[in-house]
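A quick write-up on the structure given underneath.
Just the heavy atoms: all of them, side chains too, but no hydrogens, waters or symmetry mates, feed the values below. So you know, we letter chains A, B, ... as the sequences are listed, proteins then strands, and number each from 1.
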Protein chains: 2
Amino acid sequence: MTYTITIEESSSKKQKPADHELGFGKYYTDHMFILDYDKGKGWHSPRVIPYQPITLDPAAKIFHYGQSVFEGLKAYRTNDGRILLFRPDRNFKRLNLSNARLSIPELDEELALDALLKLLTVDQDWIPSSEGTSLYIRPFIIATEAALGVAPSTQYKFMIILSPVGSYYEEGIHPVKIYVESGYVRAVAGGVGNAKTAGNYAAGLKAQEEASEKGYSQVLWLDGVHKQYIEEVGSMNVFFKINGKVITPALNGSILDGITRNSIIELLKQMGITVEERQISMEEIYQAHQEGTLEEAFGTGTAAVISPIGELHWRDEQLIINQGETGELAGKLYETLTSIQLGRIEGPKGWVVELPKS
Amino acid sequence: MTYTITIEESSSKKQKPADHELGFGKYYTDHMFILDYDKGKGWHSPRVIPYQPITLDPAAKIFHYGQSVFEGLKAYRTNDGRILLFRPDRNFKRLNLSNARLSIPELDEELALDALLKLLTVDQDWIPSSEGTSLYIRPFIIATEAALGVAPSTQYKFMIILSPVGSYYEEGIHPVKIYVESGYVRAVAGGVGNAKTAGNYAAGLKAQEEASEKGYSQVLWLDGVHKQYIEEVGSMNVFFKINGKVITPALNGSILDGITRNSIIELLKQMGITVEERQISMEEIYQAHQEGTLEEAFGTGTAAVISPIGELHWRDEQLIINQGETGELAGKLYETLTSIQLGRIEGPKGWVVELPKS
């Protein structure tokens, strides 16, 4: 595909928030990227334009039938002033896997990455540099055809927006308390659980809200069929260290193929630690806890990187893990992965992509 | 709640399409209704305004996390010029049940119905009168806060748009061929299958698309746990007539509590026909077909009212039902229900609401 990405620079620049005010996903940069799709014409008109509201017909399919996919990744500013991305090729590859599941036309991954680099170049002054901060990148596709028939849209918009962020969890790397959810279900085999699509997140809100009211940060999702096997925690993948080995749920079709998950597995293998990707039940976790072999538990995701789990609430029992403290392995993985992402140490080949100097 | 619905009339009126051009959900009337929600302020500013695009920040939650609900109902123009609605109170009640599941603030049902009547009064010339036509009404709520954290939105818009429609299925009341879906799953117990929310429809597109390619109109969804029990057909509820009795899946939490479904059950009871709301497996349907006792099958929904099923494809077998013709009962129910909706015969008390003359 040949294409030219046009750039229209904003005439007025917004005031940038101070790093300590950032939070997560509250501020947006001066520009955004848009690519349109029309049936018969394909994806067209790639452009970087000033960040601005989008205008849609009230009948646009995104408002009614949720046909959409998204991604999340981060750009980091290194101490020596370079700008780094972490495995962005994986995000656009996964976006296309989500597209296939949601009947959205395939996107040119090379164009998408090129678009991101151009947008980052224009807005690079927005990448914060304080410890723990980064520029969160949100590529997403929405169905825009104004038609109420239930069928795939004939029109879409692919967009990338950028948001300077602090830490996703205000508590930082401190352990969180997790509620094991036995009622609500996030996804089931045959559904869209392995696609990064809006509906999965909407479906999780209620359980999250009820867990919050009970004093828990997130829920741990069990499988929809047996309500026994562990799937994800909040919107993160989850890992358990039992008796020196690390176990994480296998990619079974109903959980997300996390890029942080994949990277952590790789790092663990390099560290010589056995990793098992398999079905794992809450009963097994409970037994390990009773026997004193449940050493650590943690979630992984782009926003939080690593989120240690200090407590699991399951069936009226509180399972305190590692005395409620951040485990040694979780801490080490967090340190290693963030150091790779920040260019402080070298990671596996291809993980870090540097933004070319403009 | 006290409120005043303001009305801003459009200065220019669109040209109305001819009745035979209508199709489904392709044309929209001259006005729409909007009600805003802001946390701390509640629902506010109810207004009928000219139909127009809506402008949202690209970070609006609807684009990313699918927090939305909707409804669908119809207004009919009778032969003697009255305008009738069919059980609209049920739609707004169900909208609030969907709201509760999706962590969206409760709506004042009385205000919603009042808003609909005002909007209909303004746009009543858009209600078509040819046989089979009606004005489709789409109330919906979308999360509009510009924030990327995964949490319920602090801002929403409730809107009502109107679309003059012909028949949902171009084939009309003719029987359709249905593919029994054994791979993809629409919803599972503990999920959002009983809420009318965007993600359920996005999740069904792929299976629908694959069924279409194989020559089927819709899929029949099986339960996500056992992949045995019948849930819905396309986006309709489903009924089977076996040996003189009518069976429909019970409201188990993963299927929609259809207003047409409820009305059909009521009509069947009045006709003295036994209706069983219970779990029903494909195996049972198959056995009944083999034994010659599967007399009819049909879907029910607002768009199609009744959609007879002439053929089911299951595990490489074609089950032809009633020689592929519209069954006597399906035909009678269609005739009865549409006659009630069109004010030609009297239905149960409260089913039909007439738009007050303006």
Just how far is it from atom OG1 of A:T29 to atom CG of A:L162, taken to the nearest 0.5 Å? 4.0 Å
Less than 4.5 Å to any heavy atom of chain B: does that hold for the side chain of A:F140, its backbone, both, or neither? side chain
Which answer fits A:A195, side chain, backbone, both or neither, if we ask what part of it has an atom under 4.5 Å from a heavy atom of chain B? neither
Counting heavy-atom pairs under 4.5 Å with chain A, the top scorer among B:T55, B:L102, B:I54 is B:I54
Heavy-atom pairs under 4.5 Å with chain A - which of B:A60, B:P152, B:S103, B:G191 has more of them than the others? B:S103
Would you find a donor on one side and an acceptor on the other, under 3.5 Å apart, between the side chain of A:R186 and the backbone of A:S254? yes
Give, as side chain, backbone, both or neither, the part of A:K196 having an atom under 4.5 angstrom from any heavy atom of chain B. neither
Can a donor-acceptor pair be found, under 3.5 Å and without considering hydrogens, that links the side chain of B:S163 to the backbone of B:Y136? no
Between the side chain of A:K227 and the main-chain N/O of A:L222, is any donor-acceptor distance below 3.5 Å? no
Any side-chain to backbone donor/acceptor pair from B:N237 onto B:G299? Under 3.5 Å, distance only. no
Taking B:G72, B:A147, B:G199, B:S212 one by one, which has the highest count of heavy-atom pairs under 4.5 Å against chain A? B:A147
Sort A:Y28 into side chain, backbone, both or neither according to what part of it lies under 4.5 angstrom from a heavy atom of chain B. side chain
Between A:A143 and chain B, with a heavy-atom cut-off of 4.5 Å, which part of the residue counts as in contact: side chain, backbone, both or neither? neither
Which bit of A:Q52 is near chain B, if near means a heavy-atom gap under 4.5 Å: side chain, backbone, both or neither? backbone
Side chain, backbone, both or neither: which part of A:R101 has a heavy atom under 4.5 Å from chain B? both
Please flag which part of A:A100 lies under 4.5 Å from any non-hydrogen atom of chain B: side chain, backbone, both or neither. backbone
Between A:Y65 and A:L148, is there a donor-acceptor pair closer than 3.5 Å when you use the side chain of the first and the backbone of the second? yes
A:F70 versus chain B, the contacting section by heavy-atom distance below 4.5 Å: side chain
Top residue by heavy-atom pair count (under 4.5 Å) with chain A, among B:A207, B:G183, B:G253, B:A59? B:A59
Engaged part of A:L56 at the chain B interface, taking heavy atoms whose separation is under 4.5 Å: both
Bottom line for A:I142: the part with an atom under 4.5 Å from chain B's heavy atoms is side chain
Side chain, backbone, both or neither of A:Y27 within contact of chain B (heavy atoms, under 4.5 Å): neither
Do you know which of A:N200, A:D57, A:D223, A:V192 has the most heavy-atom pairs under 4.5 Å to chain B? A:D57
Under the rule for ring pair (Phe, Tyr, Trp, His ring centres under 6.0 Å), what residues qualify as partners of B:W314, not counting sequence neighbours? B:Y286
Under 4.5 Å from any heavy atom of chain B, what part of A:E209 do you find: side chain, backbone, both or neither? side chain
Taking B:K26, B:K206, B:H64 one by one, which has the highest count of heavy-atom pairs under 4.5 Å against chain A? B:H64
Determine the option with the most heavy-atom pairs under 4.5 angstrom with chain B, choosing from A:G66, A:A151, A:S68. A:G66
Using modelled atom types only, decide if a donor and an acceptor are shared between the side chain of A:K157 and the backbone of A:I141 within a distance under 3.5 Å. no
